[in-house]
Amino acid sequence: MIGTLLLATLALLTLYLFNYYSYWKKRGILQETPLPLVGNFVGVGVTCHVRDVYKRLYKKFKGQAPFAGVYMFFSKTALILDLDLIKNVLIKDFSSFHDRGGFNNVENEPLTGHLLLLEGDQWRAMRNKLSPVFTSSRMKYMFPTVVKVGENFNRVMGETLKEAPGQELEIKELCARFTTDVIGNCAFGIECNSLRDPNAEFRQRGRDLFLRPRHNGAVQLFMFTNAKLAKKLRMKLVPENLTEFFVSIVRQTVDYRLKNNVKCNDFMDLLIEMKAQDEEKAKATKGIDLSHGLTIEQMAAQTFVFFLAGFETSSTTMSFVLYELARHQEIQDQLRKEILDKLEEDKGELTYEGIHGMEYLEQVISETMRLYPILSILLRKTNNDYKVPNTPHTIENGTMTVIPVHAIHHDPEYYENPEEFRPSRFTHSECEKRHPSTYLPFGDGPRNCIGLRFGKMQTKVGLVSLLRSYRFECCSQTEIPVELDKKNILTSPKNGVYLKVIPL
């Protein structure tokens, strides 16, 4: 009897899985035969990365249809292949794709209530509130603070070299300490001192976020591809100690500044101003009801994502830039000449206008982000049935869509010899020849990266601070090609970036 029941249950489960994993095929949409439970994601986090799966499927199906069907574990996903359709998803038809479909569980985990993960009206309201923080005028105001940290970065590099055998250093960690100090100053108004103390608390928290996550890569991927189920299961993404740290430091900072009338003109000050403005509006419209103002938890979530997105992405990009410059000395020489010429023109001072006038620096960074996009894919979720233009197909409401950024950036149709490092691809004339959706390191449209100006600014300041005084070369520990971490959701060097650093 029990055996019969088990067989019947197994048969029903097999029938259900067969039916589920035939979803795309039954609709006449290209798909690769999936395996139960893992779908098309066999080996992700162990033998391959998410970007590798999507690059393979992109190459397999591109040119045959505008999109293909994929199964991210137990999630039906539309892989967008056509550049015009990508533009529709990100810009033209954004109203049908305004959510990322990522995991957030604000009730049980307040730090997930940030701009990257919020959806619908909550995202729209928070985006409108935060957009003024990242304008050019605000960046210009923060610029001297970033330059000050950059000057310290230069000094610390010199001091570190005195103790380095053969002048060989692990660059990514040093870049991460630089961006941690920048974020600490600009977001929290705190001198983190990570450059001089690698075990400073803020740096330790940054390491913990990526080296000691609450879950491994496979579980994290499950949470993001099955967000509703993960939320029902009350799963959490951030370790408890990190949640307590960020909420506590925001509460203490807000209380201290309000009590002592302290103004620092940083990100935290702007959040405090927003909170005060919301409370004033609430008083004016609803008596003394202050429930519509920003809560401490909401403020902590926004500063958390500023920290999360700001220090890791920029430091990784900086380390990849230096790695490629070490491998291509002629490009490094050309970039250094531009930097020194511009500094001489500005009497040795690094200015906001000056750094934005360094066109070759912009090209070098752009080419690096093409080769190593920190986010290898972009996720969007349909919020209605979407009729795909010029096809008989519809992407149903609630379906995840994936834009394979890494695969597009490495497509020889758009970039000749795509594995080669060529900053000249990003001259103004060359960029005009390409479809805008061939380059998406920051996304595009209304839901692009809100902090791209800040990220580029600190990356440029950090690079200029080093390249004006030091030459970077490959050494015995330099990996060529660099091995990328299969377990990290972001694009990151698995074993760091080791280079020889020579004072000029």
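Everything numeric in this text was worked out from a predicted model, so none of it was measured.
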Side chain to side chain donor-acceptor pair (under 3.5 Å), paired with Ser96, selected from Asn383, Asp385, Asn384: Asn384

Criterion side chain to side chain donor-acceptor pair (under 3.5 Å) against Tyr372, the qualifying member of Glu324, His406, Glu367: Glu324

SB check [X] [Y] (cutoff 4.0 Å):
{"X": "Arg124", "Y": "Asp121", "answer": "yes"}
{"X": "Lys76", "Y": "Glu396", "answer": "no"}
{"X": "Arg56", "Y": "Glu32", "answer": "yes"}

Rounded to the nearest 0.5 Å, how far does [atom2] of [Y] lie from [atom1] of [X]?
{"X": "Thr316", "Y": "Lys172", "atom1": "OG1", "atom2": "NZ", "answer": "4.0 Å"}
{"X": "Asp444", "Y": "Cys449", "atom1": "CG", "atom2": "SG", "answer": "12.0 Å"}
{"X": "Leu111", "Y": "Thr303", "atom1": "CG", "atom2": "OG1", "answer": "8.0 Å"}

Side-chain contact test, heavy atoms from C-beta onward, threshold under 4.5 Å: evaluate it for [X] versus [Y] and give yes or no.
{"X": "Arg370", "Y": "Arg425", "result": "yes"}
{"X": "Asp52", "Y": "His49", "result": "yes"}
{"X": "Glu420", "Y": "His328", "result": "no"}
{"X": "Tyr415", "Y": "Arg422", "result": "no"}
{"X": "Phe454", "Y": "Arg138", "result": "no"}
{"X": "Ile86", "Y": "Ile408", "result": "yes"}
{"X": "Phe306", "Y": "Gln302", "result": "no"}
{"X": "Phe267", "Y": "Leu130", "result": "yes"}

Ignoring hydrogens, what is the shortest heavy-atom contact between [X] and [Y]? Give both atom names and the distance.
{"X": "Pro110", "Y": "Thr243", "value": "CG-CG2, 4.4 Å"}
{"X": "Leu118", "Y": "Met126", "value": "CD1-CB, 4.0 Å"}
{"X": "Phe97", "Y": "Thr382", "value": "CE2-CG2, 3.2 Å"}
{"X": "Met400", "Y": "Lys381", "value": "SD-CB, 3.9 Å"}
{"X": "Glu170", "Y": "Val497", "value": "OE2-N, 2.7 Å"}
{"X": "Val42", "Y": "Cys48", "value": "O-SG, 3.6 Å"}

Between [X] (side chain only) and [Y] (backbone N and O only), is there a donor and an acceptor less than 3.5 Å apart?
{"X": "Ser319", "Y": "Ile171", "result": "no"}
{"X": "Tyr323", "Y": "Glu479", "result": "yes"}
{"X": "Asp181", "Y": "Ser194", "result": "yes"}
{"X": "Ser248", "Y": "Phe245", "result": "no"}
{"X": "Asn40", "Y": "Tyr71", "result": "yes"}
{"X": "Arg203", "Y": "Pro198", "result": "no"}
{"X": "Ser22", "Y": "Lys25", "result": "no"}
{"X": "Thr135", "Y": "Ser131", "result": "no"}

Leu440: which of Leu375, Val405, Ile377 passes side chain to side chain contact (heavy atoms under 4.5 Å, CB included): Val405

Taking atom [atom1] of [X] as the centre, does the number of heavy atoms from other residues, nucleotides or ligands within less than 6.0 Å exceed 12?
{"X": "Lys494", "atom1": "NZ", "result": "no"}
{"X": "Lys232", "atom1": "NZ", "result": "no"}
{"X": "Gln122", "atom1": "CD", "result": "no"}
{"X": "Lys87", "atom1": "NZ", "result": "no"}
{"X": "Lys387", "atom1": "NZ", "result": "yes"}
{"X": "Asn390", "atom1": "CG", "result": "no"}

Check against side-chain hydrogen bond (donor to acceptor under 3.5 Å, both in side chains), Tyr23 and Gln31: CA-CA 9 Å; Tyr23 174 86; Gln31 73 166 59; over 6 Å; no

Which of parallel (below 30°), tilted (30 to 60°) and perpendicular (above 60°) describes [X] and [Y]?
{"X": "Phe188", "Y": "Phe307", "result": "perpendicular"}
{"X": "His393", "Y": "Phe67", "result": "perpendicular"}
{"X": "Tyr21", "Y": "Phe74", "result": "perpendicular"}

Leu325 vs Phe472, side-chain contact (heavy atoms from CB on, under 4.5 Å): CA-CA, chis, key distance, verdict: CA-CA 7 Å; Leu325 292 178; Phe472 295 82; 5.7 Å; no

Stepwise side-chain contact (heavy atoms from CB on, under 4.5 Å) check, Ile355 with Met457: CA-CA 8 Å; Ile355 207 163; Met457 181 175 73; 5.7 Å; no

Test log, rule side-chain contact (heavy atoms from CB on, under 4.5 Å), inputs Gln329 and Glu473: CA-CA 8 Å; Gln329 289 294 315; Glu473 297 179 357; 3.7 Å; yes

Check against ring pair (Phe, Tyr, Trp, His ring centres under 6.0 Å), Phe41 and Tyr54: CA-CA 9 Å; Phe41 274 52; Tyr54 281 117; 5.6 Å; yes

